[in-house]
Amino acid sequence: MPNFTDVTEFILVGLTRRRDLQVLFFVVFLVVYMITLLGNIGMIILISISPQLQSPMYFFLSHLSFVDVWFSSNVTPKMLENLLSENKTISYVGCLVQCYFFIALVHVEVYILAVMAFDRYMAICNPLLYGSKMSRIVCVRLISVPYVYGFSVSLICTLWTYGLYFCGNFEINHFYCADPPLIKIACGGVRIKEFTMIIIAGINFTYSLSVVLISYTLIVVAVLRMRSADGRKKAFSTCGSHLTAVSMFYGTLIFMYLRRPTEESVEQGKMVAAFYTTVIPMLNPMIYSLRNKDVKEAVHKAIAKVNLGQ
């Protein structure tokens with residue numbers, strides 16, 4: 001029998017052990033985190049105060065920004081603290097809490113992206129019925145499902161993480177409490193956790209990605225049937241931003257969670273995780289605003305109002 005040990009805290013190795021790189025990473029990720037907060041909170045405020053941004057698409061986008069703020073805030077502050085601290089520990093309870101919110105917010109985000117794809121399908125393929133089919137009540141119901149489902153699934157996954165046993169190695173080769181590196185250092189309860197992690201991740205990523213792919217397949221068919229070149233261009237421009245966000249988020253998560261944890265995969269996963277926990281939440285507001293005329297007009301009007309107020 002393994003010599004199981006009661007765990008009170010873990011040591012987070014972080015992105016690197018080199019002190020000079022730790023300072024550099026602190027500056028870089030602090031800037032990225034501040035831009036993430038400003039960009040996403042700014043997007044939420046802009047959508048709430050702008051009459052031209054009251055359509056279902058922007059309602060869902062405001063929730064994507066809301067989730068991105070919490071997704072990044074669940075990981076980045078602790079990572080920044082550990083980059084400058086000699087004591088790079090996290091309590092056992094704190095580790096489980098971080099795991100819970102991370103898994104929950106990942107599931108919420110992938111299903112919000114699926115809902116946004118369905119919204120684009122309804123807008124482009126059923127424009128005459130769009131206003132009645134995508135009413136405010138329907139939108140609220142659609143956005144409620146990812147939150148309820150994500151936090152429920154996360155509770156089950158976190159209970160399986162709680163079922164892991166450790167035998168003296170409490171050093172997590174990561175900058176936050178993630179399932180793959182925890183599985184790597186555990187000496188009991190590993191098989192059930194590893195199996196359920198891959199199965200649940202596979203089912204949810206496949207189902208949500210299927211909604212996205214089917215929606216966009218039908219959109220492409222509908223757009224190709226349009227006689228107006230301007231109509232086709234507008235339809236593709238509204239979908240391009242969403243497809244970019246979907247590709248980045250799903251690509252990094254599949255790389256991280258749909259393979260067995262090994263020393264090599266955990267090490268590679270750290271840099272990939274840094275990308276989707278800090279960089280993607282920063283990029284999303286830019287992706288959805290730089291090529292969007294409605295958002296640009298709303299920004300100009302908001303700035304004009306502020307200038308008139310002064």
Side-chain angles (χ1 to χ4, degrees), residues 43-44 46-48 50-68 106-147 149-150 202-254 276 280 283-299:
M43 181 67 77
I44 294 169
L46 184 68
I47 291 171
S48 66
S50 302
Q52 68 266 44
L53 300 183
Q54 297 308 304
S55 67
M57 181 176 77
Y58 296 109
F59 172 75
F60 297 133
L61 179 56
S62 67
H63 280 272
L64 182 66
S65 292
F66 174 77
V67 171
D68 277 340
V106 165
H107 282 87
V108 172
E109 181 141 349
V110 295
Y111 281 106
I112 287 179
L113 291 171
V115 168
M116 291 175 74
F118 175 75
D119 171 68
R120 290 299 80 212
Y121 158 74
M122 290 297 295
I124 294 170
C125 299
N126 299 284
L128 298 178
L129 299 175
Y130 182 66
S132 59
K133 294 291 185 181
M134 296 296 288
S135 64
R136 175 62 68 164
I137 294 175
V138 172
C139 290
V140 170
R141 288 174 180 172
L142 281 173
I143 204 64
S144 299
V145 173
Y147 286 102
Y149 179 76
I203 290 172
N204 285 289
F205 293 165
T206 301
Y207 181 73
S208 56
L209 190 57
S210 296
V211 173
V212 173
L213 293 176
I214 292 170
S215 297
Y216 276 104
T217 300
L218 296 173
I219 287 170
V220 169
V221 172
V223 169
L224 292 176
R225 289 175 178 174
M226 291 180 180
R227 296 180 180 179
S228 169
D230 290 336
R232 287 196 297 269
K233 184 179 179 181
K234 184 178 180 181
F236 279 127
S237 67
T238 58
C239 297
S241 301
H242 183 247
L243 278 174
T244 303
V246 166
S247 301
M248 289 194 305
F249 196 71
Y250 277 90
T252 53
L253 285 176
I254 289 171
Y276 72 73
I280 290 179
L283 292 178
N284 276 343
M286 301 178 191
I287 292 169
Y288 284 100
S289 61
L290 290 178
R291 297 175 60 188
N292 191 305
K293 291 182 179 179
D294 292 335
V295 174
K296 289 179 181 177
E297 288 177 8
V299 171

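Quantities reported herein were computed from a predicted structural model and do not represent experimental measurements. When reading the values below, keep in mind they use all heavy atoms of this one structure, side chains included, and skip hydrogens, waters and symmetry mates.
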Under the ring-ring contact (aromatic ring centres under 6.0 Å, His included) rule, collect the residues that match up with Tyr250, sequence neighbours excluded.
-> none
With rounding to the nearest 0.5 Å, note down the distance linking CD1 in Ile287 to CE in Met248.
-> 3.0 Å
Where Pro146 and Val108 come nearest, the two heavy atoms and their spacing | O-CG2, 3.3 Å
Look only at the side chain of Gln54 and the backbone of Ile47, and say whether a donor-acceptor pair between them is shorter than 3.5 Å.
-> yes
Would you name the heavy atoms of Pro127 and Cys125 that are closest together and state the gap between them?
-> CD-C, 3.4 Å
To the nearest 0.5 Å, how far apart are OG in Ser215 and CE in Met116?
-> 12.0 Å
Pairwise distance CD1(Ile143) to CZ(Phe59) - rounded to 0.5 angstrom | 6.0 Å
Out of curiosity, His242 NE2 to Arg120 CZ, how far, rounded to the nearest 0.5 Å?
-> 9.5 Å
Can you run down the side chain to side chain donor-acceptor pair (under 3.5 Å) pairs that involve residues 135-147, sequence neighbours left out, and say none if there aren't any?
-> His63-Tyr147
Leu224 atom CG: more than 12 heavy-atom contacts under 6.0 Å | yes
Give, for atom OH of Tyr111 and atom CZ of Phe118, the distance between the pair rounded to the nearest 0.5 Å.
-> 15.5 Å
Between Phe60 and Met134, is any pair of side-chain heavy atoms under 4.5 Å apart?
-> yes
Please tell me if the side chains of Tyr149 and Asn204 come closer than 4.5 Å, counting only heavy atoms from C-beta onward.
-> yes
Sequence neighbours left out, what passes side-chain hydrogen bond (donor to acceptor under 3.5 Å, both in side chains) with Tyr121? Give chain and number order.
-> none
Out of curiosity, Leu213 CG to Leu218 CG, how far, rounded to the nearest 0.5 Å?
-> 11.0 Å
Side-chain contact test, heavy atoms from C-beta onward, threshold under 4.5 Å: evaluate it for Tyr58 versus Leu46 and give yes or no.
-> no
Side-chain touch Asp68/Glu109, heavy atoms, less than 4.5 angstrom | yes
Closest heavy-atom contact between Val246 and Val212?
-> CG1-CG1, 4.1 Å
Any side-chain heavy-atom pair of Ile124 and Tyr130 under 4.5 Å = no
Dump the intermediate steps for side-chain contact (heavy atoms from CB on, under 4.5 Å) on Leu64 and Tyr288, then the final yes or no.
-> CA-CA 11 Å; Leu64 182 66; Tyr288 284 100; 3.7 Å; yes
